[in-house]
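Notes follow the structure.
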Amino acid sequence: MTNTGNKTMPAEELLSEIHRNLVMGSENLCSVVPRIRNRHLLKEVTSQLEQYAAYTRTTAAMMKERAIRPKKSYPWKTVMVRGNIALNTMFDKSDSHIAEMISRGTRLGADQLEKTVYRMRSRGCHPDIVAFGRNVVSFERREAEDITRYR
């Protein structure tokens with residue numbers, strides 16, 4: 001949807017960015033799950049994945065309401081992420097190293113999404129979408145902090 005009205009384009013951009021962020025976060029976590037040995041860390045990551053799924057469903061519903069289609073992801077990005085995770089765990093397979101990788105990646109995703117939230121808010125994005133974006137950022141910041149217990 002490319003309506004030039006005040007709220008349509010910022011809404012489309014923000015919801016698309018939220019969706020991209022959630023999908024990427026989920027894919028990254030799924031890539032490290034097979035490498036986790038600590039059952040408590042695995043439970044934490046599984047819980048995080050469930051919350052990502054819930055936020056993704058909400059985002060999809062918000063996009064559907066506004067006739068916004070999620071942008072296609074690029075398979076090469078997934079391959080690059082998996083390769084990077086494999087490389088980063090080649091010499092250090094410890095759960096503390098994996099927890100650090102998760103924390104770093106989650107913080108990076110939150111930082112990028114937060115910039116988009118504020119930019120789209122200043123462009124007049126609907127307050128409900130901005131609030132939802134802030135909730136996702138808060139969730140990711142909490143998760144990035146919580147996972148540091150395993151470092």
Side-chain angles (χ1 to χ4, degrees), residues 10-66 68-123 125-151:
E12 181 177 3
E13 188 169 337
L14 181 52
L15 286 169
S16 294
E17 179 63 16
I18 292 168
H19 186 266
R20 185 204 59 76
N21 173 287
L22 294 167
V23 169
M24 183 175 283
S26 295
E27 287 177 355
N28 292 348
L29 287 176
C30 286
S31 294
V32 297
V33 164
R35 294 170 165 74
I36 298 173
R37 294 183 301 261
N38 179 303
R39 67 183 172 94
H40 299 292
L41 175 58
L42 183 58
K43 185 177 178 181
E44 183 86 25
V45 170
T46 301
S47 175
Q48 189 175 352
L49 276 167
E50 289 169 358
Q51 188 60 49
Y52 269 116
Y55 277 124
T56 301
R57 285 189 299 274
T58 302
T59 305
M62 293 172 84
M63 292 175 88
K64 186 176 180 180
E65 270 177 28
R66 292 160 178 83
I68 300 169
R69 291 184 184 203
K71 293 187 171 116
K72 302 256 186 212
S73 63
Y74 298 102
W76 59 267
K77 284 186 179 182
T78 302
V79 170
M80 283 180 50
V81 167
R82 287 183 181 158
N84 191 27
I85 289 169
L87 187 62
N88 274 304
T89 57
M90 186 180 296
F91 299 109
D92 187 352
K93 297 175 187 190
S94 69
D95 288 327
S96 63
H97 179 66
I98 290 171
E100 175 59 32
M101 287 171 46
I102 293 170
S103 179
R104 205 174 331 126
T106 305
R107 278 192 315 269
L108 179 63
D111 291 346
Q112 290 174 340
L113 181 55
E114 187 172 46
K115 289 175 187 173
T116 304
V117 167
Y118 285 108
R119 194 172 69 250
M120 292 303 104
R121 186 189 88 199
S122 70
R123 287 184 49 203
C125 188
H126 192 280
D128 289 346
I129 299 171
V130 170
F132 179 68
R134 286 181 176 157
N135 286 342
V136 172
V137 169
S138 294
F139 155 71
E140 288 188 317
R141 294 214 186 283
R142 253 188 337 272
E143 291 300 319
E145 185 60 33
D146 288 351
I147 206 86
T148 61
R149 293 192 309 247
Y150 300 97
R151 290 192 309 197

For the backbone of [Y] and the side chain of [X], can you confirm whether one donor and one acceptor N or O come within less than 3.5 Å of each other?
| X | Y | answer |
| --- | --- | --- |
| R123 | R119 | no |
| T148 | E145 | yes |
| S96 | Y150 | no |
| N38 | D95 | no |
| S26 | L22 | yes |

So which heavy atom on [X] is nearest to which on [Y], and how close?
| X | Y | result |
| --- | --- | --- |
| R35 | I98 | O-CD1, 3.5 Å |
| S103 | A144 | OG-O, 2.9 Å |
| S16 | I68 | OG-CG2, 4.2 Å |
| H19 | P70 | CE1-CB, 3.6 Å |

Donor-acceptor pairs under 3.5 Å, side chain of residues 127-137 to any protein atom, not counting sequence neighbours: which ones?
none

Atom pair [atom1]/[atom2] of [X] and [Y] - distance to nearest 0.5 Å:
| X | Y | atom1 | atom2 | answer |
| --- | --- | --- | --- | --- |
| L14 | M63 | CG | CE | 10.0 Å |
| M101 | N28 | CE | CG | 8.5 Å |
| T46 | L41 | OG1 | CG | 9.0 Å |
| Q51 | L29 | CD | CG | 12.0 Å |
| L108 | M24 | CG | CE | 9.0 Å |
| I102 | I147 | CD1 | CD1 | 4.5 Å |

Heavy atoms, side chains only, cut-off 4.5 Å: are [X] and [Y] in contact?
| X | Y | result |
| --- | --- | --- |
| R149 | E44 | yes |
| N21 | E140 | yes |
| Q48 | T106 | yes |
| I36 | V45 | yes |
| E114 | R141 | yes |

Checklist entry - In terms of side-chain heavy atoms, does R142 have a donor or acceptor partner in S138 at a distance below 3.5 Å? => result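 No.
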
Item to check | Flag for Y52-E27: side-chain donor and acceptor within less than 3.5 Å | outcome: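 Note: E27 and Y52 side chains miss the donor-acceptor criterion.
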
Checklist entry - Are R104 and E100 close enough for a salt bridge, meaning some N to O gap below 4.0 Å? => result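 E100 and R104: salt-bridged.
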
